2 protein chains.
Amino acid sequence: MKKKKITLGEIARLAGVGKATASRVFTEGASVAPATRERVLTVARDLGYQPSQLAKSLSTGRTHYVGVIFAYMDNPFYAASLEVLTYTLQDAGYQVLLLMAWNDTPEEEKIIQKLLDYRVEGIIAGSASISNAIAQRCADLGIPVVMYNRDQLRLNLPAVVSANYQGAHAATRLLIRTGHTRIAHIAGWQQATTGIERAKGFSDAMAEAGLEPVAITDARFLRHLAVEETHRLMRDGPRPDAILVGNDNMAMAVMDVLAGAYGLDIPGDVSVIGYDDAACAQLGRYDLTTVRQPVGQMAREAVGLIESLILDPAQPARKVVAPATLVVGSTVRGMDLTTTASIEALSRELGIDVEVRTPLAPGLSA
Amino acid sequence: MKKKKITLGEIARLAGVGKATASRVFTEGASVAPATRERVLTVARDLGYQPSQLAKSLSTGRTHYVGVIFAYMDNPFYAASLEVLTYTLQDAGYQVLLLMAWNDTPEEEKIIQKLLDYRVEGIIAGSASISNAIAQRCADLGIPVVMYNRDQLRLNLPAVVSANYQGAHAATRLLIRTGHTRIAHIAGWQQATTGIERAKGFSDAMAEAGLEPVAITDARFLRHLAVEETHRLMRDGPRPDAILVGNDNMAMAVMDVLAGAYGLDIPGDVSVIGYDDAACAQLGRYDLTTVRQPVGQMAREAVGLIESLILDPAQPARKVVAPATLVVGSTVRGMDLTTTASIEALSRELGIDVEVRTPLAPGLSA
DNA sequence: CATGAGAGTGGAACCGGTTCCAAAAAGGTG
DNA sequence: CACCTTTTTGGAACCGGTTCCACTCTCATG
């Protein structure tokens, strides 16, 4: 009583038609007589026929797979990004092959190798740094790669990022404009373009105002390093009256250290600005002033980009820069944004969208 | 000058051997003469040969795909779970096909249909509720399904959950033991076993102590509903002196409302306990007393379960219940846990692991 | 009524691998 | 050196679909 596998051929046989005809029944826009179609569909339904994507992909040469390489899921920005990427891709008819890989992993090469074996039609890389060799290989195979939230400076790859430079620049100018003079920057990883661009935005804004940064240190987006750096900042040299931090996760840790270990008031004694507008940072007890990266928009752009590259791999590498928004919480002193007019004025002055956070926003990202 | 596709046959031809021999070179433990192997490998390397997993899967009947259905990525528990699940699976030699689907989506059926088309060898469902029909279908096809962090009561499916009942029960007993008498429960979704079990743990602990709950309401794990329910709680009837909340995301919102809108001190006026031990809840300004679900362990158990089911689909459905840990922060009044002895005593009394949170823990989940 | 167009159909080759099987080559033994 | 065993090898079938092509059958047109 062994169960026979239900294949197209089996269906065809039982419906008394050729394999080719049966195939046409499941192909959009192929010409089949209505009566035949009905007969085949009935048999298929009765037997619970499941067409094999594997066989289909093999013969058509299209897999509809997109490889997504991610990491850092403890950062809400990446978690939200992955969610939007995934359902956007699946709505567009693609399947997500998910891989986790950190930047420094030696397995990186192997990981991508695997993706190629599975014949993905495109790759969205949100964490891995694509080495020259791998990028070349993908190019040879005609497989487009889109960098997400990072840019490969040496290689000319398509990428989706947000306006990191402008965001950090505007945030810094906000601090300067509100009267802070001893400003420090606890930066994100200086090997990633996000960290680099934000640090540059900070430095430039300081220089333009004729101010010398109290310090610029690399905390590599790691909370415990941010904690260390904060202690160092408070111990050595002149204490800052404001700190721009590389992302929200670190910024909240910084706030905890300032208040907990040094009894400082925020923003009374020190102002703090973060980056990302992570869900936690929106909570009442932090209400962090920060720069928002438009997660949803970025993810959708990335999908659009990879889609268009899959359809036409020859097109030149395009970079998409999504606009950032300055989100005003209550961690910067000297702010007065009670009227719509003053908000608009600030926005014009800083050259960036400004939004005042309404406390206890529902705040579910999408 | 058209580039010929590099296939096994091509390699074989160039190396002057048969396709079968070439295939054996890439098969572990097949017998090939060393000289021949070398020759084939050289040709393959020179041409940058990429074996097609598609073709391989089709002919061997093994895909090494595992479908993972998730959602709610704004909840750090799910984000961390997905991370661990993914890299554990990929270490075990499986590929993750990721799908996002909410519980009430009508597309659910379609989603799973798709997974079956792709011939996944197993499914880990962290969000979707598997309908009877679909479970039956998977069973017919011999495809194992493991529920993650939820249980399907009617269906006898394998599942990995944490000890929700015990966790909530212990948390409630902690509140009672520290002298609270007017205790409310803002529960998680009462259609999900997580929400149900926790609510039951709460009710039972109250009943055992002869206490009447001030209120039990369903906030469906949604922050804005938790906010609403908190307001209702404060407006109507007797005000609680403690609230057990269905998860950390909601608990933090509850704290914000209590402090922000009613000027209440936590834990002075009201004690709060959450559930999950989310990264944000560990931050200094919340330092929430909560119940930890062992993310890493749960994810690894899920992978182990699906692996063993793939190898032997006939085995009976097993349920894994991972132990919960009571993590003591500073949102419950009347606690005195300065000595190791007192911690151990409490642990024994409540029948659950107890841990006192050290402030500013590095706190990256794994 | 022959003619041509167009719809509907099935046979067979193909996608890129694996694997069964029988044949060829190599190695060991008396 | 004949004979048996073991290792290596290639041909061919197969996995489950798609698609090219040639063929049959209608039906409208000149």
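Values in this document were obtained by computation on a predicted structure and should not be read as measured data. Protein chains get the first letters and strands the later ones, always in sequence-line order, with residue 1 at the start of each.
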> Atom OG1 of A:Thr88 and atom CD1 of A:Ile306: how far apart are they, to the nearest 0.5 Å?
Replying inline: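 Between A:Thr88 OG1 and A:Ile306 CD1, I get 13.5 Å after rounding to 0.5 Å.
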
> Hey, what bend do you get for the helix from C:dC1-D:dG30 to C:dG30-D:dC1 if you fit axes on five pairs at each end, rounded to 10°?
Replying inline: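 Helix axis angle between the two ends: 50°.
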
> Nearest-Å distance, OH (A:Tyr118) to C1' (C:dG17)?
Replying inline: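 So the two atoms are 14 Å apart, to the nearest Å.
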
>> In this structure, how many angstroms lie between the C1' atom of D:dT18 and the CD1 atom of A:Ile11, rounded?
In response: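 The answer, rounded to whole Å, is 17 Å.
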
> Would you call B:Leu85 and B:Val66 a side-chain contact if the rule is heavy atoms closer than 4.5 Å?
Replying inline: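 No. Closest side-chain heavy atoms not under 4.5 Å.
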
>> Within the 4.5 Å heavy-atom criterion, are B:Gln95 and A:Leu99 side-chain neighbours or not?
In response: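 Yes - at least one pair of side-chain heavy atoms lies under 4.5 Å apart.
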
>> Test: ring pair (Phe, Tyr, Trp, His ring centres under 6.0 Å). Region: residues 22-56 of chain B. Which pairs qualify, not counting sequence neighbours?
In response: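 The answer is B:Phe26-B:Tyr49.
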
Between the protein and nucleotides 11-16 of chain D, list the N/O to N/O atom pairs that are separated by less than 3.5 angstrom.
{"unit_1": "D:dG16", "atom_1": "OP1", "unit_2": "A:Lys5", "atom_2": "NZ", "d": "3.3"}

> Is a donor on one side and an acceptor on the other found under 3.5 Å between the side chain of B:Ser127 and the backbone of B:Ala101?
Replying inline: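 Here the side-chain-to-backbone pair exists.
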
>> When you measure from the side chain of A:Gln90 to the backbone of B:Met100, do you find a donor-acceptor pair of N or O atoms at a distance under 3.5 Å?
In response: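 Between the backbone of B:Met100 and the side chain of A:Gln90 there is a qualifying donor-acceptor contact (under 3.5 Å).
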
>> Please check if the number of heavy atoms outside B:Lys319 that lie under 6.0 Å from its NZ is greater than 12.
In response: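 Yes, the 6.0 Å shell around NZ holds more than 12 heavy atoms from other groups.
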
> Touch check for B:Thr36, heavy atoms < 4.0 angstrom, all strands: base, sugar-phosphate only, or nothing?
Replying inline: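 Result for B:Thr36 = sugar-phosphate.
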
> Any side-chain N or O of A:Ser31 less than 4.0 Å from the OP1 or OP2 oxygen of C:dG8?
Replying inline: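 Yes, A:Ser31 has a side-chain N/O under 4.0 Å of OP1/OP2 on C:dG8.
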
> Is any NZ, NE, NH1 or NH2 atom of the basic residue among A:Arg62 and A:Glu121 found under 4.0 Å from an Asp or Glu carboxylate oxygen of the other?
Replying inline: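 Judged by the 4.0 Å cut-off on N to carboxylate O distance, A:Arg62 and A:Glu121 do form a salt bridge.
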
